[in-house]
Amino acid sequence: MNAKPDWTGRRLLLDVDSVAHGGHCVARHEGRVVFVRHTLPGEKVEAEVTEDRGGGFCRADAVRVLEPVEGRVRPPCPLADMALGRNRCGGCDWQHADHATQRDLKAAVVAEQLWRLAGIETSVTVRPLPGGPLRWRTRVRLAVDERGHVGFRAHRSHRVVPLADCPITVEGALEEVTARTWTPGGEVAVTADGRGQLHVAEYPSRPPSGRGSRARRERGRRDEVLGTGFAHESAVGREWGMDAHGFWQVHRAAAECFAGVVEEMAAAPEGGCAWDLYGGVGLFAAVLGRQVGPSGEVVLVESSAAGVRDAAANLADMPQVRTRAGRVETVVAEERTPSPDVVVLDPPRKGAGREVVRAVAGARPARVVHVACDPAALARDLDLFRGHGYRLTRLEAFDAFPMTHHVECIALLEDGEPTL
């Protein structure tokens, strides 16, 4: 049998079909699927194949738009310019789409993932957060190239694209960082907190990435270069203190918005019990604690030791909130953990997974509020919950990450209720 030819570097003329999860669209050429970036559904483009590992698909970048569609705009970031080809920054996906079009694309992705992975058919609207699509990002991690310059990596590559500024990062956050050189091969974390204080830390060697690696990241070497390393934020009428480079919503308006939706969906009864799983520094536990009152109980579970310490300090005035450090599936299975009336879970990008869903459903709360930053992971979790008798009754989606393909969803599941 002859090996299939490698299309890498080949130029293709493509009629672009639908949007797909991951910041690209789908096209077809000579019987193969092409996942093509920097285009929009309905366009005709010339694209260069950037990755071909054989099989039924390959990946490509649009290099010329032959027939644009409504919604295409000139990218506000010079590092997203089509003329750069493979040297484009990989941090954003939809710089070439206006904000309304971006939200429509994300809504289509959420609806498709829910249908394909969970068999849930529902219309989805992605709502904007205040402030527009630029200058919203308050926390960012930058890679350092071999010359010591910071930047973001190209898409699906370790190659660093140096930058002078990033238009989705809050104004002034990167001026000092881009003006100096750093340890080649490391990373630099930048946080602009709610008081306008800038915190900059250098990781001389690349730390583990992702929220699921927080505990390991805490043990890695970190050199504080600017600021105290302890950030301050405001949300839900409270002041919050936390590790400046730990987990907090990156969009300035997200924490307040999400906490309000969670509070509305949870409706924890006064004197009742609520679980706040993957609870971070206590944002959702605060609104749950307010609902159950002094006679109720909230169990906050968080694997990050620093997060648990910060949560305990932030909620010291709420004795009804108890913080527990450890893996969620372990803590909720302990006999001393009280049965919940409602459960809120905000898992890492990979989702809660089978073991956690089984533990939560086994406790039989009346309602489960699931906060998710990945629609595919959310759909998989909803399908698992359905197997335990829980049904989706409400879904809210927010554009908490403009210009990127990421979207935040908050889902309400109820015991025995019909699916939307």
Side-chain angles (χ1 to χ4, degrees), residues 91 131 135-144 150-152 163 165-166 168-180 182-183 186-236 238-256 258-259 278-286 300 302-316 323 325 346 348-349 373 400-401 406 408:
R135 299 300 181 190
W136 55 267
R137 192 177 186 95
T138 62
R139 285 162 164 74
V140 63
R141 288 201 307 165
L142 302 156
V144 184
V150 294
F152 294 112
L163 55 80
D165 188 23
C166 171
I168 69 172
T169 302
V170 294
E171 194 78 47
L174 300 182
E175 288 179 3
E176 218 169 313
V177 174
T178 58
R180 58 169 290 178
W182 305 84
T183 304
E187 290 193 352
V188 177
V190 182
T191 292
D193 73 11
R195 294 183 181 177
Q197 178 68 49
L198 198 63
H199 306 271
V200 178
E202 180 180 20
Y203 296 84
S205 59
R206 185 181 175 189
S209 61
R211 189 178 169 192
S213 300
R214 282 175 296 169
R216 285 186 293 148
R217 190 160 64 246
E218 287 170 5
R219 294 195 295 269
R221 178 184 165 191
R222 184 174 99 187
D223 299 329
E224 299 295 339
V225 178
L226 186 65
T228 63
F230 192 77
H232 296 271
E233 301 288 350
S234 299
V236 298
R238 300 176 67 91
E239 297 298 314
W240 300 87
M242 69 204 72
D243 180 344
H245 308 295
F247 179 76
W248 184 260
Q249 293 294 339
V250 297
H251 193 296
R252 184 75 80 200
E256 187 78 37
F258 297 167
Y278 313 94
V281 300
L283 177 67
F284 298 146
L300 182 156
E302 169 59 49
S303 63
S304 164
V308 171
R309 289 194 300 270
D310 290 340
N314 288 324
L315 303 177
T323 57
D346 183 11
R349 190 171 303 280
C373 59
F401 313 92
H406 301 293
E408 193 87 7

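- In this structure, the side chains of L315 and R238 come closer than 4.5 Å at one or more pairs of heavy atoms.
- Within the 4.5 Å cutoff, the side chain of D310 has no heavy atoms near those of the E302 side chain.
- The two residues Q249 and D346 come nearest to each other via the heavy atoms NE2-OD2, 4.5 Å.
- Side-chain contact between L198 and V190 is present, with at least one heavy-atom pair separated by less than 4.5 Å.
- The two residues R195 and D193 make their nearest non-hydrogen contact at N-OD1, 2.9 Å.
- Taking CH2 from W136 and OG1 from T169, the interatomic distance works out to 7.5 Å, rounded to the nearest 0.5 Å.
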>> Walk me through whether V144 and T183 qualify under side chain to side chain contact (heavy atoms under 4.5 Å, CB included).
In response: CA-CA 7 Å; V144 184; T183 304; 5.9 Å; no
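- Not one N or O on the side chain of W240 forms a donor-acceptor pair closer than 3.5 Å with the backbone of L283.
- Residues A311 and T323 approach most closely at CB-CG2, 4.1 Å, considering heavy atoms.
- Distance alone, capped at 3.5 Å, is enough to place a donor-acceptor pair between the T138 side chain and the V250 backbone.
- Between E187 and A143, the shortest heavy-atom contact is CG-CA, 4.3 Å.
- Between the side chain of T228 and the backbone N or O of F230 there is at least one donor-acceptor pair closer than 3.5 Å.
- Without hydrogens or angle criteria, E202 side chain to V188 main chain gives no donor-acceptor distance under 3.5 Å.
- Checking side-chain atoms of R135 against main-chain N and O of I168 turns up no donor-acceptor pair under 3.5 Å.
- Using a 4.5 Å cut-off on side-chain heavy atoms (C-beta onward), L174 and L142 make contact.
- The backbone N or O of G282 sits nowhere less than 3.5 Å from a side-chain atom of N314 that would complete a donor-acceptor pair.
- When atom types are taken as modelled, the side chain of E256 and the backbone of V236 share a donor-acceptor pair closer than 3.5 angstrom.
- H199 and H245 have perpendicular rings, their planes meeting at more than 60° on a 0 to 90° scale where under 30° would count as parallel.
- Listed by chain and residue number, F398 satisfy the ring pair (Phe, Tyr, Trp, His ring centres under 6.0 Å) test with F258 (two or more places apart in sequence, or in another chain).
- For W248 (side chain) and R139 (main-chain N/O), no donor-acceptor pair under 3.5 Å exists by modelled atom type.
- Of all heavy-atom pairs between A285 and L300, the closest is CB-CD1, 3.7 Å.
- Residues V200 and E176 are not in side-chain contact: their nearest non-hydrogen atoms beyond the backbone lie 4.5 Å or more apart.
- Here the closest heavy-atom approach between residue T191 and residue A244 is recorded as OG1-O, 2.7 Å.
- For E239, the side-chain hydrogen bond (donor to acceptor under 3.5 Å, both in side chains) criterion is met by S234, not counting sequence neighbours.
- Of the charged side-chain nitrogens involved, at least one lies within less than 4.0 Å of a carboxylate oxygen, so that E233 and R252 count as a salt-bridged pair.
- In this structure the side chain of H406 never reaches within 4.5 angstrom of the side chain of C373, judged on heavy atoms.
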